[in-house]
Amino acid sequence: MSFSHDLPPVSNTTIRNVRRDFGEWHLGRPYYLLWALDVDVEPVRRRVAAAQRHLSGLLLDGYLRQPHITVGLCGFPSPAPVHNDDFGVELLHRQVDALKGLQPKAFDIEIGALDGFTSAPYLAVHDGSRHVERLHACLNLAPQLPAHADYRPHVTVGLYGGAWPLDAVHARLAAFVPADALRQRITRISLLGYASGEIGGKLIRIADYDFAHARCIPAAGGAELLPFPLP
């Protein structure tokens with residue numbers, strides 16, 4: 001999944017992630033889609049890499065996902081939705097219409113300190129004017145998909161590869177001392193996808209909703225993940 005939120009902890013350890021297919025989740029559906037803010041730029045990549053080095057030995061190998069801030073989940077794209085987590089053209093049109101109604105403008109965020117859920121460490125995102133939260137609320141239109149009242153914008157650094165003692169992990173997270181917060185200008189939100197059988201695999205850009213022009217702009221090669229046209 002794409003939100004790294006956790007259930008209330010039932011132990012004093014992190015959640016151990018494993019590398020397997022998770023066929024009982026994807027049911028043979030090859031891709032999962034989400035809306036996210038693309039922050040895959042060199043300063044953020046360096047900050048993520050530094051955090052990964054700092055947490056060496058704790059993380060699952062092979063995490064390839066580019067830096068991003070998940071804003072809304074979509075589901076598995078389908079021309080004729082059957083399952084609760086299928087993503088059809090009707091929901092996509094409702095989401096794009098909601099973005100047009102929101103009329104988001106360009107805004108700034110800051111990416112800074114290292115923190116974590118019990119399943120994954122992340123870089124904290126500061127959004128003083130709560131633009132990201134408004135985008136999250138705007139896109140959360142499918143009651144069957146996971147929703148979180150405690151939505152927390154973040155940049156995932158990786159996934160824990162073992163059940164590590166939380167006290168020790170928290171101390172390690174707190175010992176990471178980055179330089180100044182990284183300020184990023186946000187001018188669009190992206191519709192992204194990933195191969196559902198690969199944990200932590202690369203993201204594929206499908207389209208960008210450009211704030212200035214209030215429309216979806218398809219990405220080269222990404223639209224093939226959608227079995228229906230973009231709005």
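Quick note: numbers below take in every heavy atom, side chains included, and nothing from hydrogens, waters or symmetry partners.
A donor-acceptor distance shorter than 3.5 angstrom exists from the side chain of D127 to the backbone of V132, with no hydrogens or angles considered. Under a 3.5 Å cut-off, the side chain of T14 and the backbone N or O of V169 do not form any donor-acceptor pair. A distance-only check finds a donor-acceptor pair linking the side chain of Q52 to the backbone of V157 [under 3.5 Å]. Remark: the backbone N or O of D167 is not paired with any side-chain donor or acceptor of N12 at under 3.5 angstrom. When atom types are taken as modelled, the side chain of R134 and the backbone of S129 share a donor-acceptor pair closer than 3.5 angstrom. Distance alone, capped at 3.5 Å, is enough to place a donor-acceptor pair between the Q66 side chain and the L203 backbone. Using modelled atom types, one side-chain atom of W164 and one backbone atom of L58 make a donor-acceptor pair closer than 3.5 Å. In this structure, the side chain of H136 engages the main chain of V71 through a donor-acceptor pair within 3.5 Å. At distances below 3.5 Å, not a single donor-acceptor pair connects side-chain atoms of T156 with backbone N or O atoms of G158.
In this model, no donor atom of one side chain and acceptor atom of the other lie less than 3.5 Å apart for H26 and R29. A donor atom on one side chain and an acceptor atom on the other are found under 3.5 Å apart for D208 and S190. For the residue pair D86 and H83, no side-chain donor N or O sits within less than 3.5 Å of a side-chain acceptor on the partner. A donor atom on one side chain and an acceptor atom on the other are not found under 3.5 Å apart for D115 and H154.
Partners of R172 by salt bridge (Lys or Arg N to Asp or Glu O under 4.0 Å), not counting sequence neighbours: none found. In this view, Q103 satisfies the side chain to side chain donor-acceptor pair (under 3.5 Å) rule with no residue, not counting sequence neighbours.
Here L191 contributes atom CG and L230 contributes atom CG; the two are 7.0 Å apart, rounded to the nearest 0.5 Å. Between atom CG of residue L102 and atom NE2 of residue H131 there is a gap of 10.0 Å, rounded to the nearest 0.5 Å. With rounding to the nearest 0.5 angstrom, the CD1 atom of I204 is 5.0 Å from the CG atom of L225. Separating the CG atom in L159 from the CG atom in N17 is a distance of 4.5 Å, to the nearest 0.5 Å. Expressed to the nearest 0.5 Å, how far SG of C138 lies from CD of Q95 amounts to 8.5 Å. To the nearest 0.5 Å, the span separating CG on L135 from OH on Y151 amounts to 8.0 Å.
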>> What verdict does the salt bridge (Lys or Arg N to Asp or Glu O under 4.0 Å) test give for R185 and D108, after you've listed the backbone C-alpha separation in whole Å, the side-chain angles of each residue and the deciding distance to 0.1 Å?
In response: CA-CA 5 Å; R185 185 73 168 169; D108 293 321; 3.4 Å; yes
> Can you list the steps and then say if V44 with Q184 is a side-chain contact (heavy atoms from CB on, under 4.5 Å)?
Replying inline: CA-CA 9 Å; V44 180; Q184 296 295 310; 3.9 Å; yes
>> What verdict does the side-chain contact (heavy atoms from CB on, under 4.5 Å) test give for F176 and R47, after you've listed the backbone C-alpha separation in whole Å, the side-chain angles of each residue and the deciding distance to 0.1 Å?
In response: CA-CA 11 Å; F176 181 74; R47 180 72 53 90; 4.1 Å; yes
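The two residues I189 and F211 have their closest heavy-atom pair at N-CE2, 3.8 Å. Closest heavy-atom contact between P77 and L226: CB-CD2, 4.4 Å. Among all heavy-atom pairs drawn from G222 and I206, the shortest one is O-CG1, 3.6 Å. Across all their heavy atoms, A98 and L141 have their closest contact at CB-CD1, 4.0 Å. When all heavy atoms of L114 and H54 are compared, the pair lying nearest together is CD2-CD2, 4.1 Å. When all heavy atoms are compared, the tightest approach of L99 to P104 is O-CD, 3.2 Å.
The closest side-chain heavy-atom distance from E198 to F22 is not below 4.5 Å. Using a 4.5 Å heavy-atom cutoff, the side chains of W25 and S196 are in contact. For the pair L192 and D38, the minimum side-chain heavy-atom distance is 4.5 Å or more. At a threshold of 4.5 Å between non-hydrogen side-chain atoms, the residues L92 and C74 do not count as touching. A 4.5 Å side-chain heavy-atom check between Y209 and I217 finds every atom pair outside the cut-off. Counting heavy atoms from C-beta outward, P121 and L173 have side chains that approach closer than 4.5 Å. In this structure, W35 and T70 have side chains that are not in contact, with every pair of non-hydrogen atoms separated by 4.5 Å or more. Using a 4.5 Å cut-off on side-chain heavy atoms (C-beta onward), H68 and L37 make no contact.
Cation-pi geometry between R65 and Y194 is met: the NZ or CZ atom falls under 6.0 Å from the ring centre, inside 45° of the normal.
Residue R45 places its CZ atom among more than 12 non-hydrogen atoms of other residues, nucleotides or ligands, all under 6.0 Å distant. Counting non-hydrogen atoms of other residues, nucleotides and ligands closer than 6.0 Å to CZ of R19 gives a total above 12.
Taking the six-membered ring where the residue is Trp, F76 and Y32 present perpendicular rings, their angle passing 60° and hence far from 30°.
Between R46 and E42 there is a salt bridge, since a side-chain N of the basic residue sits under 4.0 Å from a carboxylate O of the acidic one.
Following chains of ILVMFWY side-chain contacts shorter than 4.5 Å, one cannot reach Y160 starting from L64, and the two form parts of different hydrophobic clusters. Residue V18 is grouped with residue Y63 when hydrophobic side chains (ILVMFWY) are merged at heavy-atom distances under 4.5 angstrom, including chains of intermediate members.
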